[in-house]
Amino acid sequence: MSRVLMTCCLVILASVLMHDGDHLRQAFNWGYSIPLSLLVLNLVVYILPVVSIFLTRMQRASASLVTAFAGVFTTAGFLIIHLCGAFSGLWGVWNLSYFELIRGVTWQGVFYQGVDWISWVFLFEVPALCLPSSAVAFRQYLKLKKAAQKP
């Protein structure tokens with residue numbers, strides 16, 4: 001179980017890293033300087049994948065549920081922010097949806113435009129990788145639960 005679950009954890013983590021890598025590419029292409037506060041805030045997206053890895057390494061039964069939740073939560077969070085925009089105002093230019101960024105926006109007096117097909121790929125790789133990982137992790141949870149119920 002640990003090898004399968006660890007693979008799920010690492011896939012979710014890799015998905016987040018690839019998506020963040022695209023944001024670095026976007027910022028570079030736009031000449032956008034990502035504020036340090038945003039870089040620190042962005043660490044929140046790594047909490048669940050890292051906790052999943054930790055729990056899996058410790059061979060905790062809860063690792064399967066945390067991993068399942070991590071993939072779903074990560075997918076929902078990324079899709080909501082990038083398709084609808086962020087309501088918090090904490091994500092810099094990425095407070096705006098990809099639909100707005102395609103057309104071009106003025107953020108803090110500077111015009112930004114350039115969500116290209118690569119950015120869309122790195123947005124939709126998140127559900128394509130995270131949701132199957134969540135499903136596998138949940139199946140692992142059900143196996144553990146069934147095994148625990150056997151006398």
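Among residues at least two apart or in separate chains, there is no salt bridge (charged side-chain N to carboxylate O under 4.0 Å, His left out) pair with a member in residues 38-58. Counting only residues at least two apart or in different chains, salt bridge (charged side-chain N to carboxylate O under 4.0 Å, His left out) contacts with residues 32-44 are absent. Among residue pairs with one or both ends in residues 26-46, none qualify as salt bridge (charged side-chain N to carboxylate O under 4.0 Å, His left out); sequence neighbours excluded. Applying the ring-ring contact (aromatic ring centres under 6.0 Å, His included) rule to pairs touching residues 10-39 yields H19-H23, H19-F78, H19-H82, H23-H82, H23-W94, W30-W94, W30-Y112, Y32-W94, Y32-Y112, sequence neighbours excluded. Applying the side chain to side chain donor-acceptor pair (under 3.5 Å) test to every pair with at least one member in residues 123-135, sequence neighbours left out, gives these pairs: S15-E125. Sequence neighbours left out, the pairs with a member in residues 41-50 that pass side chain to side chain donor-acceptor pair (under 3.5 Å) are D20-N42, D20-Y46.
Among residues two or more places apart in sequence or in another chain, the side chain to side chain contact (heavy atoms under 4.5 Å, CB included) test is passed with V40 by L36. Every ring-ring contact (aromatic ring centres under 6.0 Å, His included) that F99 has, sequence neighbours left out, goes to W120. For F122, the ring-ring contact (aromatic ring centres under 6.0 Å, His included) test picks out no residue, with sequence neighbours left out. S97 meets the side-chain hydrogen bond (donor to acceptor under 3.5 Å, both in side chains) test with E100; sequence neighbours excluded. Scanning for side-chain hydrogen bond (donor to acceptor under 3.5 Å, both in side chains) contacts around R25 gives D22, D116, S119, with sequence neighbours left out. Under the rule for a ring-ring contact (aromatic ring centres under 6.0 Å, His included), the partners of F73 that lie at least two apart in sequence or sit in another chain are F69.
Side-chain contact between V45 and T74: absent, with no pair of heavy atoms (C-beta onward) separated by less than 4.5 Å.
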